[in-house]
Asker: 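My questions will all concern the structure given below.
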Protein chains: 2
Amino acid sequence: MTKQHSHQHGHDADHVHDHNHNHCIDTALATAETLCLEQGQRLTKVRRRALELIWESHRPLGAYQLLAKLAEEGFNSAPPTVYRALDFLLAAGLIHKVESMNAYLGCAHADRAHKGYFLICDECHNVMEFDYQDIHAALIAKAAKQGFELRAETIELTGLCADCKAQATDAHAVGTSA
Amino acid sequence: MTKQHSHQHGHDADHVHDHNHNHCIDTALATAETLCLEQGQRLTKVRRRALELIWESHRPLGAYQLLAKLAEEGFNSAPPTVYRALDFLLAAGLIHKVESMNAYLGCAHADRAHKGYFLICDECHNVMEFDYQDIHAALIAKAAKQGFELRAETIELTGLCADCKAQATDAHAVGTSA
DNA sequence: TTTGAGTTGTTATACCATAACAAAATTATA
DNA sequence: TATAATTTTGTTATGGTATAACAACTCAAA
Ligand SMILES: [Zn+2]
Ligand SMILES: [Zn+2]
Ligand SMILES: [Zn+2]
Ligand SMILES: [Zn+2]
């Protein structure tokens, strides 16, 4: 299990970070540049900035949220701009799409091929990416047994994260109304 | 593994059924009525007809496709009509939503609580629902280890189904161009 | 028969995503 | 360097998915 961002555990958007998130962003961007260079891909201004903005968000970011941020900075504000950037970043494995949220998330492990498996909190909407080789292998085997050739996996688990569960318990114990 | 419809293996929409699909529909509707009765839920005309139409489709059905069919039959043609019916059917466990397709599928096992796991063919777009208790247990355990309380699972696997794979192989062997 | 809960009708709007073609920038080639 | 080919971006338009808000109706219980 890998927490996507180690700071992604707050319960409200204004939660104070307990580490320098700039480090995460810098690392992700450096990886992105290396990968694009290796693969002869061009990490253009808008693609690079889109990736940064996705990383700067503490939650999966919707396409139009991202588009608005890009527009604020002088980039073209029409939808194809953002979808092209997202398509590029997805194809490069630099971000994942969370299907059940229609939102996009930076991947901290873009340098190694993998499927994105996610734990999504219903309460705080934080998302953790996790890695589970056992499940991946089991799914491939299961599919193969049906003659099905697996190409992609959408594994999105929702529920209550540890922090939100603790908070709910606390509130109950104290007898908080509502 | 349970094929959602045993006839869902054709490669084109006009594939001739090899069984009487009306039986599937009748069974599903009977189950739906029993469940609603037991739970004090009202399977109204529009809800019932929506469920039938979803079952009559050989593929997961989009909300607006369903809406059009309902409208043809004299039901109100505004979006809330269909989304209300879908919400009801989802909550009752009578259908599943395939997140990666934004489409809805009848569930043949509504009478026993379960998660909908799907195998989706990229080529023919048929969907098979499957049940995998091992994976379900593993996911719960994995989440619990993180203090995460699992509530819902979106497991959607895409790739090439056995039929489409065979067809592709045949075409190749025969030396078909393209 | 009144009351209240649940359901449906209706209008409007927000959000998500792509098609199609023109213009510009970049890279490769002559 | 000039030219051509390729990729990327700009622009306009459209299509697809989903919900908000409030009024009207239905049905069953009190
Ligand atoms: Zn990842
Ligand atoms: Zn949470
Ligand atoms: Zn099911
Ligand atoms: Zn197929």
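By convention in this document, chain letters (A, B, ...) are assigned in the order of the sequence lines, proteins followed by strands, and residues within each chain are numbered from 1. Quantities reported herein were computed from a predicted structural model and do not represent experimental measurements.
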Asker: I need a per-nucleotide contact map over nucleotides 15-26 of chain C, read 5' to 3'. Cutoff is protein heavy atoms under 4.0 Å; write B for the base, S for backbone only, - otherwise.
Answerer: -BBBBB-----S
Asker: Output the rounded distance in Å from CZ (B/R47) to C1' (D/dC27).
Answerer: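 That distance rounds to 13 Å.
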Asker: Does anything in residues 34-47 of chain A pair up under side chain to side chain donor-acceptor pair (under 3.5 Å), and if so which pairs, sequence neighbours excluded?
Answerer: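 Of all non-adjacent pairs touching residues 34-47 of chain A, none passes side chain to side chain donor-acceptor pair (under 3.5 Å).
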Asker: Figure out the CZ/P separation between B/F75 and C/dG9, and round it to whole Å.
Answerer: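 In whole Å, C/dG9 P and B/F75 CZ are 9 Å from each other.
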Asker: Expressed in angstrom and rounded to an integer, what is the separation of A/K45 atom NZ from D/dG10 atom P?
Answerer: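 My rounded result for the distance is 11 Å.
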Asker: Hey, can you pull the donor-acceptor pairs under 3.5 Å for the side chains in residues 81-93 of chain B, sequence neighbours left out?
Answerer:
from: B/T81; atom 1: OG1; to: B/N76; atom 2: ND2; distance (Å): 3.2
from: B/T81; atom 1: OG1; to: B/A78; atom 2: O; distance (Å): 3.3

Asker: List for me each residue that meets side chain to side chain contact (heavy atoms under 4.5 Å, CB included) alongside B/T27, sequence neighbours excluded, and say none if there are none.
Answerer: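 By the side chain to side chain contact (heavy atoms under 4.5 Å, CB included) rule, B/T27 matches B/H23, B/T31.
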Asker: To the nearest angstrom, how far is A/L67 atom CG from D/dT9 atom P?
Answerer: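 Result: 14 Å.
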Asker: Run the side-chain donor-acceptor check on residues 61-72 of chain A: report pairs under 3.5 Å with partners two or more places apart or on a different chain.
Answerer:
from: A/Q65; atom 1: OE1; to: A/G62; atom 2: N; distance (Å): 2.8

Asker: Checking B/D26 now: which residues fulfil side chain to side chain contact (heavy atoms under 4.5 Å, CB included) with it, not counting sequence neighbours?
Answerer: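 With neighbours one apart ignored, the set is empty.
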Asker: Between B/E156 and B/K97, is there a salt bridge with N-O shorter than 4.0 Å?
Answerer: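 No, B/K97 and B/E156 are not salt-bridged.
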